[in-house]
Amino acid sequence: MLKLTTDEQAMLDGAGGRAKQRAMDLLVRYAEALGAERFVDTTNIAGVPGSSTLFLQNYYRQKGDASYEAVFSQFDLDSDEIVDVPQVEVHACHLQGGLDPVSWPEQGFSQEAFAHQLEDEAAANSHGIQMLKTCTPYLAGNVPARGEHCAWMESSAVVYCNSVLGARTNTEGRESTAAAMLTGKIPDWGFHRDDFRHATHLIEVDVATESVMDWGMLGYFAGLTVGESIPVIHGKLSQPDLVRHKHFGAAAASSGGVEMYHVPGVTPEAPNLETALGGKKPKVTFRYGAEERREIYQSLNANGKSTQVDYVMLGCPHASLDQIQEAARLLDGRKIATGRALWIFTSRSVKGMADLMGLTKTIQSSGGVIMTDTCSAIGRFVPKGARVVALDSAKQVHYLPAMMNVEAWFGSTADCIRAEITGTWEGICP
Ligand code: F3S
């Protein structure tokens, strides 16, 4: 039975205005559906509040009002009444979405779509929402502290938030994040609670796992085997850095629904294996050895037939500065032939640093492009005529071939850039 505090009841009764009332009403229905008994105060929200595609805007225009307030009210707050949306209550940022602010014509968007994005952004800014426009808010200045209750969308960011930062979030939707921005509340359920955060499944790693590519393949295996459960990863592991965590988590959240994992001695809530498991025995133990790794590599490359690569996409999840540096180093002094494309996706803030460091210029001199805000899968675009793609992200391989009807190869960043320069895929299973 859900119990409300005095301030929550006051919001529900309308003391904070109609928008907060509608937001609280939505959150109460959500909490009751989950079986939550209370709310927690949340201080960090990542969502896509009030944003809309042209398609969505046209839908609301036909209904009579396509303003930011109308979309926020009806689509985000599930309110028939269009309410005045106030400033957000707590730290709130906008995740990825839309189109690159410069390269949108190459992505296939219209002037009208670009103009609409500018309008949406101005409206969100005016409500106090930080326009990070990335799936890696933790690389763009939004780094919640351990134990902080968050409300985040975007599966790769959620798993990083829970596992690496030790902050707490379920995988929320645009409705619950929008409502949380206005109220500072989210149901006390799932990953907000201590007893939910222990591992239940053990993955014993029996093959050296070191490179970013290794960690991506291991993540893909973890998702396939544990599904939506929490794995603890143990065995022959190198110390994972930020990028390895990023690729592991994104892969595990794609092949399965992993929202949290532990690595004993590495992730903050797993000083050792016993603690990660909450003192219990694992329900299931999986072994990941050379044979399993080969099978994962083959399944990630199952879509590749022609070795003639015409598109390389890097930056899924959005590239870190380290990854852009690596790409610039691999490309330095080389030329990408006409008819092939290299697009690297990142956040606006990381691109700003890449610009200042001259990395963007190096990549552009080779014929590559750094883009922000979006990616091929989320934006559903590839360079015109692209048929065969090389990717260094297990997550992107999981989604892009089916979404864009392209063949895809998976390998290391170096494999991908070599293919971009030579035009031929030569990746091999490590
Ligand atoms: Fe980000 Fe696109 Fe990958 S939004 S996590 S780069 S699918």
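Note that this is a predicted model, so its numbers are computed, not measured.
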State which residue, out of T372, T134, T374, I378, fulfils the side-chain contact (heavy atoms from CB on, under 4.5 Å) condition with Q96.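 Going through the options one by one, the only one that passes is I378.
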Could you point out which residue of L218, V266, D214 forms a side-chain contact (heavy atoms from CB on, under 4.5 Å) with L237?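 Of the listed residues L218, V266, D214, the side-chain contact (heavy atoms from CB on, under 4.5 Å) partner of L237 is L218.
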Report the residues that fulfil ring pair (Phe, Tyr, Trp, His ring centres under 6.0 Å) with [X], sequence neighbours left out, ordered by chain and then residue number.
{"X": "H94", "value": "none"}
{"X": "H192", "value": "H149"}
{"X": "Y288", "value": "F221"}
{"X": "Y60", "value": "none"}

Review item, side-chain donor-acceptor pairs of residues 277-286, under 3.5 Å, at least two apart:
none

May I ask you to check whether over 12 heavy atoms, not counting those of Y59, lie within 6.0 Å of atom OH?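 No, not enclosed.
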So F345 and H318, would you call those rings parallel, tilted or perpendicular, with 30° and 60° as cut-offs?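 Ring orientation of F345 relative to H318: parallel.
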Tell me whether R18 is salt-bridged to E81, with the criterion being a basic N under 4.0 Å from an acidic carboxylate O.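 The answer is yes: the pair qualifies as a salt bridge.
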Does K20 pair with E89 as a salt bridge, N-O distance under 4.0 Å?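 Looking at K20 and E89, the cut-off is met.
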List the atom pairs, donor and acceptor, that lie under 3.5 Å between side-chain atoms in residues 118-126 and the rest of the protein, sequence neighbours left out.
residue, atom, partner, partner atom, Å
D120, OD2, S52, N, 2.9
E121, OE1, R348, NH1, 3.4
E121, OE1, R348, NH2, 3.4
E121, OE2, Q117, NE2, 3.3
E121, OE2, K133, NZ, 3.0
E121, OE2, R348, NH2, 2.6
N125, ND2, E121, O, 3.3
S126, OG, A123, O, 2.7

